[in-house]
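Residue numbers start from 1 in every chain, and the chains themselves are labelled A, B, ... in the order their sequence lines are given, proteins ahead of strands.
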There are 2 protein chains.
Amino acid sequence: MQFPPRQTKKTTIYDLAELAGTSASAVSSVLNGTWKKRRISAKLAEKVTRLAQEQGYAVNMQASLLRRESSRIVGMIVPKYDNRYFGSIVETFETMARERGLFPIVTCTRRDPELEVEAAREMLGYQVEWLIATGATDPDRITDICTSAGARSLNLDLPGSRAPSIISDNFAGAYGLTRRILDNCQQRLGQMSPLMFVGGRASDHNTGERLRGFKAAHQDAGLSPDPSFILPCGYAPEKAEAALEARWASGSAMPGGMFVNSTISLEGVVHWIKRSGHYGQDMPVMGCFDWDPFVTLLGGGIEMVRQDVPAMLRAVFSIIDSGEAPEPIIKIPPIDMHEMAEA
Amino acid sequence: MQFPPRQTKKTTIYDLAELAGTSASAVSSVLNGTWKKRRISAKLAEKVTRLAQEQGYAVNMQASLLRRESSRIVGMIVPKYDNRYFGSIVETFETMARERGLFPIVTCTRRDPELEVEAAREMLGYQVEWLIATGATDPDRITDICTSAGARSLNLDLPGSRAPSIISDNFAGAYGLTRRILDNCQQRLGQMSPLMFVGGRASDHNTGERLRGFKAAHQDAGLSPDPSFILPCGYAPEKAEAALEARWASGSAMPGGMFVNSTISLEGVVHWIKRSGHYGQDMPVMGCFDWDPFVTLLGGGIEMVRQDVPAMLRAVFSIIDSGEAPEPIIKIPPIDMHEMAEA
DNA sequence: AATCAATGCTCCATCGATTGAGCATCGATG
DNA sequence: CATCGATGCTCAATCGATGGAGCATTGATT
């Protein structure tokens, strides 16, 4: 198919200068808004603006940024785009960056440590002023790379030790969620028994804190959590499903209630529950650390914790705006979500 | 909190040249891999590489790109990050771009026509070589902007008339989906009756084609679709919910089955169904144009159509790789998904 | 000894936008 | 009429990386 051929050469300020019968510096100042300060007449400004429009001129950012001191580019790396939490982080980040006249660049690193590092280096090459490492497997490595390249970094979702970190209050969120699940057990099953904990990585900070909250809530409810019920099997749905299947196949007891450590793991859990038929028509009493609108609709009164993404990004940009962090780790309380309660 | 202060100045090839006792051009050629061609000794190359490592040197892309002829940057604009379809488009796009040594930049325009144009201009400023307009409200406008700036563009998901377009085969997908829903009606309700069509915008090409498939399938099943059952109320969940509520409140008949035109609209539909209680314990027979793992788990045997994102992006990159499109509109057949069938 | 190719570099113009410094011109003022 | 401030612009250096052209040096060949 023949589409209009690309123009051979891009219009530059020199082309516009020639067309307007003026100098490149006049054109530049008109187009970047400094023309009043530089005492360019309104008449010339208008002429240049019109010509730029006509010629479809777009400033060459490479040239412009090379000359300027600040790039106003902010970068973010994010593990995946496959769930609502990271999706809203990216969307909110872009919106808030634009509001401030910053140019956001985001890239997804698929939970691959090597790709995280490679992506960080690449962004530094583009002169990002800030790099937000979201859910990074090795945040301190990213911080070091940024520091040595003269850029600043922040950790989001998972904390690091060498840059300010903005994370959810995982302990409090998990504590509350566990209490709610246990209460639902009491109401629906007539008794409380230790819950199963499924999903996440035992090595990551969030899972650790959530486990701590999970255990504390058991203790405070007079229960002692069963260590064999704790399955931090990773985040992928298949892993959660395989973990449950393995337990089930081994003939071990299955719990009355479950704490699932992400919507992604919940996919696997619910799939296993339906497929195995272990719980019959009913679902086990469940709760999920993270939110998805369809989970609300799944029925079975699944409790959720929704991380407060707008508040987290307000904290991020407050650091970017001011250049300083009030404390090394900022914990944002997440929001309790009950079935249908968001309507 | 005091974190390590940023380095005042970034290391440049001139700094490395001085440290290595050589010239900037030697350093440059070592670092960009042309040193053999330029007959730099392996000894010097190794020394420079080591120094670059030690100093945390990162090439200044702005300077490098300014000098080079091609930027190897590819841009994409995407409406939202709030569903699996666009999420996987972005993730696949980034992965495939990286495989080719291209640098992907993606931005989300929140279905805002002004933001689409602004984002496109911004990307052109960064010298993107290709701009992929995904689900754009006015694709031809984007194409024109790109053409006049000497960049090439492609349309994805929604077609335009002035650049190659890669879209799902919406007619075939909707036809098949409608048939499946009607078959399920026959089986579960013992009879077929016209379905309701909920979601999407009447003005957009995809909704139009899906409606055409929807109607054709009715016709071929010996039914005439009820025009008052067609509710292209937009994509947001609240709009779908409001549309159903309005119909219900008006006392009009509700259908036995529904064709829902996106997972996002389905959120609203399922929410209304559960809230209104109109369908009692059962769900209406349903189908959804788009896929989400939780919908599979919702029960009620909701049929889905999953758009073939990998095939779509393979088509995109085949055009980028070769520079030419085999035809103006490439239609990719979507994939039928049955409840639990993906396990 | 002169010639020549190969080796290993360096020099410098260039990409396009920015910006401090500076040069005309003009009308007003003493 | 000389001076001055305001007005409206232009000049040229600069940002950092790149790559064509070219310059020494070395060793081999006639």
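- What separates NZ of A:K10 from C1' of C:dA17 is a distance of 15 Å, to the nearest Å.
- Residue contacts shown for B:L65 are absent, as no nucleic acid heavy atom lies under 4.0 Å away.
- If you check C:dG30 for Watson-Crick or wobble pairing at under 3.5 angstrom, you find it paired to D:dC1.
- The shortest distance between side-chain heavy atoms of A:F317 and A:L102 falls below 4.5 Å.
- Atom C1' of nucleotide C:dG16 and atom CG of A:L16 are separated by 12 Å, given to the nearest angstrom.
- Between the C1' atom of D:dG19 and the NZ atom of B:K37 lies a distance of 9 Å, rounded to the nearest Å.
- Nearest-nucleotide positions on DNA chain D for B:A63 and A:S25 put A:S25 closer to the 5' end.
- Residue A:S23 is the one, among B:R68 and A:S23, whose nearest nucleotide of DNA chain D lies closer to the 5' end (criterion: closest heavy atom).
- Comment: A:E54 engages A:R50 in a salt bridge, judged by a side-chain N to carboxylate O separation of less than 4.0 angstrom.
- Annotation: B:Y81 is not in aromatic contact with B:F86 [ring centroid separation under 6.0 Å not met].
- For the pair B:R84 and B:E91, the salt-bridge criterion is not met [side-chain N within less than 4.0 Å of a carboxylate O].
- The residue A:T22 sits close only to the backbone: its heavy atoms come under 4.0 Å of sugar-phosphate atoms, none of a base.
- Atom NZ in B:K43 sits about 17 Å away from atom P in C:dT7, given to the nearest Å.
- For the pair A:Q62 CD and D:dA17 P, the interatomic distance rounds to 14 Å; values are reported in whole Å.
- As rounded to whole Å, 13 Å separates atom P of C:dT7 from atom NZ of B:K36.
- Side-chain N/O atoms of A:Y57 include one lying less than 4.0 angstrom from OP1 or OP2 on C:dA17.
- Comparing A:R39 and A:S28 by the nucleotide of DNA chain C that holds the closest heavy atom to each, the one mapping nearer the 5' end is A:S28.
- Across all strands shown, B:S64 has heavy atoms under 4.0 Å from sugar-phosphate atoms exclusively, and none from any base.
- Within 4.0 Å (heavy atoms only), A:L31 reaches no atom of the nucleic acid at all.
- In this structure, A:I40 places its CD1 atom 13 Å from P of C:dT19, rounding to the nearest Å.
- Distances were taken from every side-chain heavy atom of B:N60 (C-beta onward) to each of C:dA17, C:dC9, D:dG16; the shortest belongs to D:dG16.
- Taking only side-chain nitrogens and oxygens, B:S41 comes nearer than 4.0 Å to OP1 or OP2 of C:dC9.
- Atom CG of A:D15 and atom P of C:dC15 are 11 Å apart (whole Å).
- Screening B:I166, B:I330, B:V309 for a side chain to side chain contact (heavy atoms under 4.5 Å, CB included) with B:L156, the sole residue that qualifies is B:I166.
- One cannot find a donor-acceptor pair under 3.5 Å joining the base of C:dT7 and the side-chain atoms of B:R38.
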